Every structure is written in C-alpha cells, then in structure tokens.
Peer 1: 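Let me give you the structure first, and then I'll get to my questions.
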Protein chains: 2
Amino acid sequence: MARKRFDDSSCSVARALNEVGDWWSLLVVLHAMYGTRRFVDFQQELGIARNILCDRLARLVDNEVLKKVEVGEHGSRFEYRLTEKGRDLFPIVIALRQWGDKWNPAPDQAPLDLRDRETGQTIRQVEVQDVNGNPLTVRDVFVPEGETVDKRKSAESRKKVG
Amino acid sequence: MARKRFDDSSCSVARALNEVGDWWSLLVVLHAMYGTRRFVDFQQELGIARNILCDRLARLVDNEVLKKVEVGEHGSRFEYRLTEKGRDLFPIVIALRQWGDKWNPAPDQAPLDLRDRETGQTIRQVEVQDVNGNPLTVRDVFVPEGETVDKRKSAESRKKVG
DNA sequence: CTAATCTGGTTTCTTTAAGCAACCTTATTC
DNA sequence: GAATAAGGTTGCTTAAAGAAACCAGATTAG
C-alpha cells in the first residue's frame with residue numbers, strides 16, 4: 001500500500017492519525033474501553049486477521065496507547081490495557097460514535113446510550129466549547145495570526161478557519 | 001490491501017470509520033475546515049497522490065461530508081465544501097488535534113491555539129461531559145443493561161465500560 | 001503421563017489499495 | 001496559437017490487509 005507515514009509532519013492531526021488513524025487501531029481502542037483485554041477477545045469481537053491484530057497491538061503498545069501486562073501466574077497470558085494516553089482518546093471515540101449515530105444510524109440499533117455512573121443520566125453530545133462552556137461551530141473560531149497550519153503553501157489561505 | 005468495509009456493521013464507530021476513518025479523509029476534512037476548497041490546493045497541502053485525492057473526494061461527496069460546487073463562470077472549475085455533516089466532524093478533528101498536541105507535541109510547533117471569534121479567548125479541551133457539563137472519563141460511565149456493543153460474543157464482557 | 005485444548009503468536013500466500021508519473025481535456029492567459 | 005492551469009484518468013509498482021496454516025508453551029482432561 002505504500003502508505004505514507006507522517007511522523008515528521010508538522011501537523012499534529014497527522015501525527016495523531018499516524019498512531020490511531022488506521023482502520024483497526026481506533027476500533028481496538030474502542031473495544032479496550034468496553035473492557036476487552038485479551039488477544040483472542042479482540043480477535044473475535046473485531047473479526048480482524050490475527051497477524052494484523054498482532055501488528056496493531058504492538059504498534060499501540062509502542063505508541064503507549066496500550067500497555068501489555070503479564071497476567072496469569074506463569075507468564076504466557078497477557079492483557080492489553082489502556083494507558084492514560086489511551087484513555088485520553090475517550091472524547092474522540094465517543095464523538096465518532098455520536099457522529100455515526102447521528103448521520104448513519106443503524107436501523108436496527110439504538111444509538112449509544114452512555115450514562116454517568118453517578119447520576120445515571122445520559123451524557124452530553126461532545127462539542128467544542130468556549131471558555132464558558134458554550135458550543136462553538138467551525139465558523140465561530142479562528143486561528144490567531146502567526147499560526148501556521150501545515151506546510152509549503154502560501155500563508156494566506158491558512159488564517160481562515162471556517 | 002483487501003480492507004474490510006463495515007457498512008453493514010452494527011457498530012456505529014465502525015460505520016463512521018468507514019466514511020472518514022482512513023488516513024486521508026480526515027485530513028481532507030481538516031483542511032476543508034481550514035478553508036481549502038480546490039483540488040490542487042488539497043493536493044499540494046496534503047502531498048497526496050492525485051488519484052487517491054480523486055477517490056477520497058468522490059467518496060466524501062458520496063457520503064455527503066463534502067459537496068462539489070461548480071464555480072467559475074463556465075464550469076470546469078469546482079470547489080469542495082463541507083456539508084453540515086462534514087462540519088459536524090469539527091469536535092472529532094479538534095479532539096484529535098488536541099490529543100496529538102498533548103501526547104505527541106512537535107518540538108518546533110506550538111499547540112493549536114484556536115480562539116472564539118466573539119471573545120478572542122482560547123477554546124476549551126474537548127471532553128465528554130455529564131448533563132451539567134462536568135467532565136467524565138471512561139471510568140465514569142456505563143452502558144445500561146440491554147445495550148449491545150458489537151457482535152457474536154457473550155454478553156458479559158460488554159456491560160462494562162472502562 | 002499423554003492427549004487435547006487454550007493462548008498468543010508467526011509464516012506464507014493472495015488480493016487490493018496506495019504512491020508515482022505520465023497523459024488528457026477543457027478553459028483561460030499571453 | 002502556444003502555453004498554462006484545473007481537474008481528472010490510466011497504467012505500473014510496491015506494500016499492506018486478509019485468510020489460513022502452523023507453532024510453542026502452559027493448562028486441563030482423562
């Protein structure tokens with residue numbers, strides 16, 4: 001596939017996508033959030049090829065999104081658990097899920113009803129907010145002068161956001 | 001590459017990833033949010049192969065994330081603009097960017113400083129919140145009984161989130 | 001104590017998509 | 001009227017994804 005890797009990229013979205021931006025990685029993280037920890041469980045739940053799962057798990061461990069924990073007394077049993085960095089993907093995964101539920105609802109499936117353990121109430125839509133917690137759209141924001149967005153283009157088109 | 005497509009999947013994250021979950025699509029959307037609209041501009045900014053860009057743009061248009069607008073008086077000039085569905089990816093893109101800035105900061109680049117047009121103040125971290133706007137981590141939430149997460153596995157491991 | 005099974009892989013082979021470069025068509029500019 | 005720009009398309013090469021078989025160490029079943 002010759003996929004270009006952007007480790008060097010000046011864009012942090014590109015760098016983020018480099019770690020979790022492929023097909024499976026985010027699904028692995030999602031399932032890890034749902035409690036899955038074992039190789040075989042990921043494999044069965046996701047229906048992913050074993051070699052690809054190996055690769056993704058190894059990469060996620062390399063990138064410190066997951067950590068591999070030896071479990072079961074004599075070795076040879078492992079668990080993959082989210083690190084803080086991995087848990088920090090929570091808003092992204094939830095936002096994706098909400099977006100999917102909103103724009104591509106499954107006819108047979110209710111949208112995710114995720115609830116706060118404390119109150120039992122349904123969580124909010126994930127949104128971009130100003131300092132006071134008011135929602136912002138892409139048209140409500142700007143990048144201050146002097147910020148650059150990416151690379152090798154004239155600066156004019158970059159100041160605008162929205 | 002034989003990438004499995006999950007249009008049929010019961011998981012809305014998988015369905016979302018099906019539309020914007022590959023390497024380039026989200027970067028295209030990101031640049032669209034930054035104001036890019038023309039084929040050549042996407043191509044140069046992203047450094048993407050032209051045929052792949054064609055494919056991604058067409059797919060994004062098919063999925064109604066972008067719309068192709070005839071511009072320039074006599075046809076043969078087009079712009080790709082975000083639809084509402086596309087603009088709705090804003091929290092995801094911003095969350096990704098913030099995650100990247102936090103966990104893989106570029107030494108040479110300041111983290112994204114995105115500001116509210118109204119007040120000029122820096123936006124908040126994107127987070128999952130309860131009904132009152134208090135932040136929630138993956139450990140603070142649960143899926144009520146009866147919800148299923150994905151497929152073909154016993155239900156026990158699914159109730160847990162975190 | 002040997003055989004079957006479970007877990008967590010690795011290897012091999014095939015298919016398919018990504019990357020690159022060249023080419024093409026329809027304006028518009030010089 | 002030739003050169004350039006925009007927006008593609010085509011063909012080739014390379015590399016990653018998928019499927020399935022194999023493997024080794026630990027555990028359990030008989």
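Lettering follows sequence order; numbering is per chain, from 1. Here the structure is a predicted model, which means the values were calculated and not measured.
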Peer 1: Is the phosphate of dA6(D), meaning OP1 or OP2, less than 4.0 Å from a side-chain N or O of K68(B)?
Peer 2: no
Peer 1: Taking the side chain of C54(B) as its heavy atoms from C-beta onward, which of dG19(C), dG8(D), dG9(C) lies nearest to it?
Peer 2: dG8(D)
Peer 1: Between R38(A) and E45(A), is there a side-chain N and carboxylate O pair less than 4.0 Å apart?
Peer 2: no
Peer 1: Would you say a side-chain N or O of R50(A) is under 4.0 Å from OP1 or OP2 of dT7(C)?
Peer 2: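 Checking dT7(C) against R50(A), no side-chain N or O comes under 4.0 Å of OP1 or OP2.
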Peer 1: So, does Y80(A) get its side chain near the phosphate of dG9(C), meaning an N or O under 4.0 Å from OP1 or OP2?
Peer 2: yes
Peer 1: When you match R38(B) and N51(B) each to their closest nucleotide on DNA chain D, which lands nearer the 5' end?
Peer 2: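 The residue whose closest nucleotide sits nearer the 5' end is R38(B).
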Peer 1: Can a cation-pi geometry be assigned to K68(B) and Y80(B), taking NZ or CZ under 6.0 Å from the six-membered ring centre and within 45° of the ring axis?
Peer 2: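 K68(B) over Y80(B) ring: no.
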Peer 1: Salt bridge (charged side-chain N to carboxylate O under 4.0 Å, His left out) with K102(B): which residues, sequence neighbours excluded?
Peer 2: D88(A)
Peer 1: Just jot down the salt bridge (charged side-chain N to carboxylate O under 4.0 Å, His left out) partners of R115(B), sequence neighbours excluded, or say none.
Peer 2: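 For R115(B) the salt bridge (charged side-chain N to carboxylate O under 4.0 Å, His left out) partners, ignoring immediate neighbours, are D113(B).
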Peer 1: To the nearest Å, how far apart are F39(A) CZ and dC6(C) C1'?
Peer 2: 13 Å
Peer 1: Measure from the side-chain heavy atoms of R77(A) and tell me the nearest of dT7(C), dG7(D), dG18(D).
Peer 2: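 Of dT7(C), dG7(D), dG18(D), dT7(C) is nearest to the side chain of R77(A).
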Peer 1: Here's a test of your reading of the structure: between E79(B) and I52(A), which maps to the more 5' nucleotide of DNA chain D?
Peer 2: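 Its nucleotide being nearer the 5' end, the pick is E79(B).
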